[in-house]
Amino acid sequence: MNPASESSLPAALSIQPKPVRAYFGSRSVGAALLVLVAAFALFGPTLSGSDPVAQDLENFLAAPDAANPLGTDHLGRSMLARLAHAAQLSLWLALLSVASALIPGAALGILAAWRGGWVERVSVVIADSVLALPGLLLVLLLATFAPGAFWPLYLGLSLSFWVEYFRVVRARSHILLASPQIESARLLGFGPLYIVRRHLWPELAPMLGTLMSFSAATAVLAMAALGFVGVGIRPPTPELGVMMIELLPYYQEAPWLIAAPIGLLTLTVLGLALVGRDRSSMQ
Amino acid sequence: MNIQGISPVAGVLGRRGLQALLVAALVGTLSFFLMRMLPGDAAYRIAAGRYGYDLVSAAAAEAVRVELGLDQPWYLALVGWWAQLAEFDLGTSLVTGHAIADDIAHQLGHTLLLAFCAMALSLLIGPALGILAGLRPGGAIDRITLLGATVLRAFPPFVLGILLILGLSVHLGYLPAAGHGEATSVVLPALTLALGLAAGSCRIARDAFSQVVNSPYYAFGRTKGLSDRQVLLRHGLRNAAVPIVAYLGMQMVFIIEGVVILETLFAWPGIGHALIHAIFWRDVPMIQGCVLVFALLFVTLNTLVDLACLALDPRRRH
């Protein structure tokens, strides 16, 4: 989007004259935050060089120093190594659950809009029934099947995310499929694959980008929330929520310890929110 | 007129009714398989939970097995399970042996109190600030609330809860940190939930309001000589209310998920707290009861939001 076309709109139509520039700034801030967190998750475990579960009981609640840049926790484990492993786990979950919700969700959305009829009706009813259950409750139900495992979190989140992609893609595709350019492309004999790639995807991709960053943030938060209340990933696996609840009792002695997972979680969610919001406000 | 007035309402009720039915079937079926998949011999586990590990005998386990129908083939048991649900019989807790319905009826009151306080508080904060920001887009209030809302939304409810506990209870000592013994105990969990809700509704209200203020009919209201106050009350509020109320429906997810986590954090004796404890103990009937009540509550609240939107916006009725 270029700023010149924005300012040439009549005054009544440009609803957000000033924030447009602010959004540009915030988007790069968000992207920078995400790159930082991803780099930390990717290289942190190797760089820290220590085992995230190795205890050193003579050196517990140590303040940050050269050997342990973030100090050690109540069992003398390296906070840097634990935080890096936790970040990796969170980002993996976000990536996996978003990817496996996006593909079937978007495909089914296009199919429903294209075919209509019973395909559409059945898929809408299924989507509606999943929508009646807040995502976290579905994850909690599945988490009971295998306490402490990774797969119920992943499955539960994917199952609740695909509905969003399905609904957005279906609604938008309905409008797009009725447009003159797609009608002529069909009359010219282009196949469905060409139309999806050439006409639907470019219009859908920005909206899906926004949704993806929101559901990635939801995934990261859900895992931390479950770990925090003790029904998610279990200790000693380093996980952000588990670390928070473990370190909360030591707040008086070592407040920097609990600040580390809270800070990392907040930065990740903030980065995802900033990257996502920009596109949704440009439509 | 009558037919036009009734049919959209019936449409909403029908769609939401079907949704409630489907979600109940989904939760019931998942809970059934959960029950079958409990590791070890479920009868022994349940007997141990009830009578204590020292008092379990083969006879006690056998009694539990017969009582809960754990010896039937799975498809018969599933049909039995559904039939029980259809009669609104939620069964008894595997841990305490109490009737689930009684326990939940008691806990639901606490949960509703917390959710209601949070909702009321967030509506006082969010839309009011949003309207102030929307009246002057790009002004000081707009920029401050944008920053505040963005930062606030990056904190999930439980982290915000920890920060408020540390700030308001531990350091300043203003409020009790957890429990529900005192009248002020509800303040901290409700405030935590309300701040998260307000961060969302404030921006929605702001966008809705700046759109209304910039619309031709608003300008016309001003031109024909209405005062700022009159044009705001007559043309501004109702039009801006439609997206705000519709957004309430989306916020229900946030409220329900927030209630589950925050009740646990603040030891608030509601169904969210009960659900987490039931998952801990793998008390499947209790899990099923809590999730069902939450899901049906969610559908009911969404129905109310749909009906409120119909009442506010006459265009949706045609």
Side-chain angles (χ1 to χ4, degrees), chain A residues 11-19 22-23 26 125-126 128-147 160 217-218 220-222 224-226 228-231 240-241 244-245 248 251-252 255 258 261-262 265-274 277 281, chain B residues 15-16 18-27 30-31 33-34 37 137-139 142-143 146 150-151 153-159 162-163 166 170 207 210-211 214-216 219 252-257 260-261 264-265 275-276 278-280 282 284 287-288 290-291 294-296 298-299 302:
Chain A
L13 283 177
S14 63
I15 292 154
Q16 304 163 329
K18 212 157 190 178
Y23 280 136
S26 69
V125 166
I126 296 175
D128 266 0
S129 66
V130 174
L131 214 60
L133 202 59
L136 196 69
L137 292 182
L138 189 61
V139 176
L140 280 173
L141 255 182
L142 291 175
T144 320
F145 277 94
S160 68
T218 310
V220 171
L221 288 181
L226 258 59
F228 184 78
V229 295
V231 292
L240 292 174
M244 285 180 213
I245 197 68
L248 185 58
Y251 167 73
Q252 296 286 0
I258 185 159
I262 289 184
L265 182 69
T266 310
L267 289 183
T268 313
V269 175
L270 189 64
L272 286 168
L274 290 178
R277 196 191 46 196
S281 70
Chain B
R15 202 164 55 82
R16 292 295 183 184
L18 180 68
Q19 206 182 24
L21 209 65
L22 284 171
V23 79
L26 177 74
V27 172
L30 271 177
S31 306
F33 285 110
L34 202 52
M37 279 175 61
D142 188 21
R143 274 177 288 171
L146 173 65
T150 310
V151 171
R153 286 173 72 103
F155 289 105
F158 68 98
V159 171
I162 300 177
L163 296 179
L166 292 180
V170 177
D207 288 348
S210 69
Q211 207 154 9
N214 285 311
S215 67
M252 295 303 165
V253 179
F254 186 88
I255 294 183
I256 289 192
E257 296 184 350
V260 173
I261 301 296
T264 314
L265 174 62
L275 173 62
I276 297 292
I279 291 177
F280 229 79
R282 310 190 88 185
V284 179
I287 296 175
Q288 172 185 255
C290 292
V291 174
F294 270 128
L296 295 181
F298 180 61
V299 176
N302 268 313

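Checking Leu30(B), Val291(B), Val284(B), Ile287(B) one by one against Thr144(A), the side chain to side chain contact (heavy atoms under 4.5 Å, CB included) holds for a single residue, Ile287(B). When each of Leu131(A), Leu133(A), Val125(A), Val130(A) is checked for a side chain to side chain contact (heavy atoms under 4.5 Å, CB included) with Gln19(B), only Leu131(A) meets the rule.
Residue with the most contacts toward chain B among Gly135(A), Ser129(A), Ala143(A), Pro261(A): Ser129(A) (heavy-atom pairs, distance under 4.5 Å). Of the listed residues (Val253(B), Thr150(B), Ile279(B)), the one with the most heavy-atom contacts under 4.5 Å to chain A is Ile279(B). Here Ile162(B) is the residue among Ile162(B), Asn302(B), Leu21(B), Val260(B) with the most heavy-atom pairs under 4.5 Å with chain A.
With a 4.5 angstrom heavy-atom cutoff, Ile245(A) does not touch chain B via any of its atoms. At a 4.5 Å heavy-atom cutoff, Ala222(A) makes no contact with chain B through either its backbone or its side chain. For Leu275(B), the part sitting under 4.5 Å from any heavy atom of chain A is the side chain, from C-beta outward, and nothing else. Only the side chain of Leu248(A) comes within contact range of chain B, with at least one heavy atom under 4.5 Å from a heavy atom of that chain. Residue contact with chain B, scored on non-hydrogen atoms closer than 4.5 Å, involves the side chain of Leu142(A) exclusively. Contact annotation for Leu296(B): neither backbone nor side-chain heavy atoms come within less than 4.5 Å of a heavy atom of chain A. Proximity to chain A (any heavy atom under 4.5 Å) is restricted, for Arg153(B), to the backbone atoms N, CA, C and O.
Residue Val229(A) comes nearest to Phe280(B) through the heavy atom pair O-CE1, 4.4 Å, listed as atom of the first residue, atom of the second, then distance. Closest heavy-atom contact between Leu221(A) and Phe158(B): O-CE2, 4.3 Å.
Taking 4.5 Å as the limit, every side-chain heavy atom of Phe228(A) sits out of range of all side-chain heavy atoms of Thr264(B). When side chains are defined from C-beta on, Val269(A) does not count as touching Pro156(B), because their heavy atoms never get closer than 4.5 Å. Inter-residue side-chain proximity for Val151(B) and Thr266(A) is flagged as unmet; no heavy-atom pair is nearer than 4.5 Å.
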Please determine whether side-chain contact (heavy atoms from CB on, under 4.5 Å) holds for the pair Leu22(B) and Asp128(A), giving the CA-CA distance in whole Å, both sets of side-chain angles, and the decisive distance to 0.1 Å.
CA-CA 9 Å; Leu22(B) 284 171; Asp128(A) 266 0; 5.9 Å; no
Determine, stepwise, if the pair Ile276(B) / Leu140(A) fulfils side-chain contact (heavy atoms from CB on, under 4.5 Å).
CA-CA 8 Å; Ile276(B) 297 292; Leu140(A) 280 173; 4.1 Å; yes
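The CG atom of Leu137(A) sits 7.0 Å away from atom CD of Glu257(B), with the distance rounded to the nearest 0.5 Å. Here the CZ atom belonging to Phe254(B) is positioned 11.5 Å from the CG atom belonging to Leu136(A), to the nearest 0.5 angstrom.
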